[in-house]
Colleague: 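Dropping the structure in here first, questions after.
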Amino acid sequence: MTASTTYRDIYAVVSRIPRGTVATYGQVAQLAGLPGRARQVGYALSELDDPAVPWHRVINAKGEISPRCGGEGDELQRLRLEDEEVRFDRHGRVPLERYRWRP
DNA sequence: AACATGACCATTA
DNA sequence: GTAATGGCCATGT
């Protein structure tokens, strides 16, 4: 494990995302003080094993759920978001204009 | 130390 | 609407 400060910073921001809202990787990176390092955010979440972090509230800039190893990860994420009042359109993505987290 | 990989984003055509 | 390009950095071998 040995979570680096960068990762802990990312986890801290993700943990602050309110229920019923979503944030993009770029947004999380920006709020975490890592502008332009959206990639690291996704990587940090992939290595994440802390159930206290609502990683399912983080999606890509297209409002879609990013693929992930394991198979059921994307599906699980969608179910969890729907369980939090977040609806998907017919394209299978979330309207960021509507559910985007605004700190 | 070097190389390759990765849950990405913004811009341009 | 899609396709391609550049950039950014941590992790594992």
Side-chain angles (χ1 to χ4, degrees):
Chain A
M1 280 215 325
T2 58
S4 301
T5 46
T6 309
Y7 278 27
R8 276 195 298 183
D9 199 9
I10 292 169
Y11 301 151
V13 173
V14 176
S15 300
R16 279 174 212 148
I17 302 176
R19 176 182 168 282
T21 56
V22 296
T24 64
Y25 293 97
Q27 186 178 3
V28 172
Q30 170 101 32
L31 294 170
L34 309 167
R37 264 128 274 196
R39 236 175 179 183
Q40 249 42 34
V41 175
Y43 211 61
L45 295 179
S46 74
E47 295 293 303
L48 173 62
D49 58 351
D50 189 338
V53 180
W55 58 269
H56 54 270
R57 288 180 194 149
V58 183
I59 57 181
N60 61 24
K62 297 175 200 144
E64 261 193 10
I65 297 179
S66 302
R68 168 202 155 299
C69 54
E72 48 191 301
D74 55 333
E75 225 170 276
L76 175 65
Q77 180 166 15
R78 187 176 111 172
L79 290 175
R80 262 183 122 171
L81 287 175
E82 283 192 323
D83 198 41
E84 303 205 346
E85 304 174 34
V86 177
R87 301 297 185 180
F88 289 77
D89 61 9
R90 61 183 179 137
H91 289 283
R93 48 170 123 160
V94 177
L96 296 174
E97 306 296 306
R98 201 168 159 179
Y99 295 102
R100 191 111 116 91
W101 175 39
R102 303 183 184 176

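Below, read A as the first sequence line, B as the second, and so on, with proteins coming before strands; counting in each chain starts at 1.
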Colleague: What is the distance from CG of A/L45 to P of C/dA10, rounded to the nearest Å?
Modeller: 16 Å
Colleague: Does any donor-acceptor pair link the side chain of A/Y25 with the base of B/dA7 at a separation under 3.5 Å?
Modeller: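 For A/Y25, whose side chain was compared with the base of B/dA7, there is a donor-acceptor pair (under 3.5 Å).
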Colleague: What integer distance in Å separates A/N60:CG from B/dA10:C1'?
Modeller: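 Computing the A/N60:CG to B/dA10:C1' distance gives 13 Å.
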Colleague: Test A/V94 against every option in A/T21, A/D89, A/I59 by the side chain to side chain contact (heavy atoms under 4.5 Å, CB included) rule and name the one that passes.
Modeller: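 The passing option is A/I59.
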Colleague: Give a yes or no on whether A/R19 atom CZ has more than 12 heavy-atom contacts from other residues, nucleotides or ligands under 6.0 Å away.
Modeller: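 Yes, enclosed.
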Colleague: Does B/dC8 have OP1 or OP2 under 4.0 Å away from a side-chain N or O of A/S66?
Modeller: yes
Colleague: Let me know the distance between CD1 of A/I59 and P of B/dC9, rounded to the nearest Å.
Modeller: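 It is 9 Å, rounded to the nearest whole Å.
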Colleague: What's the separation between atom CD1 in A/I65 and atom CZ in A/R78, rounded to the nearest 0.5 Å?
Modeller: 7.5 Å
Colleague: May I have the distance from A/L48 (atom CG) to B/dG6 (atom P), rounded to whole angstrom?
Modeller: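 Taking CG of A/L48 and P of B/dG6, I get 19 Å after rounding.
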Colleague: Starting from C1' on C/dG1, measure out to CZ on A/R93 and report it in whole angstrom.
Modeller: 10 Å
Colleague: Give me the atom names and distance for the closest heavy-atom approach of A/V28 to A/A23.
Modeller: CG2-CB, 4.0 Å
Colleague: State, to 0.1 Å, how close A/P103 and A/L31 come at their nearest heavy-atom pair, and which atoms those are.
Modeller: CG-CD2, 3.9 Å
Colleague: So, does A/Y11 use its side chain to make a donor-acceptor pair with the main chain of A/A44 at under 3.5 Å?
Modeller: yes
Colleague: If I take atom CD in residue A/E47 and atom P in nucleotide B/dG6, what distance separates them, rounded to the nearest angstrom?
Modeller: 12 Å
Colleague: Mind calculating the distance between CG (A/L96) and P (B/dC8) to the nearest angstrom?
Modeller: 15 Å
Colleague: Mind running a 4.0 Å heavy-atom check of residues 27-41 of chain A against DNA chain C and sending the residues that fall below it, in number order?
Modeller: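 Going residue by residue through residues 27-41 of chain A, the ones with a heavy atom under 4.0 Å of DNA chain C turn out to be A/R37, A/R39, A/Q40.
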Colleague: Please report the distance, rounded to the nearest Å, between CZ in A/R80 and C1' in B/dA7.
Modeller: 15 Å
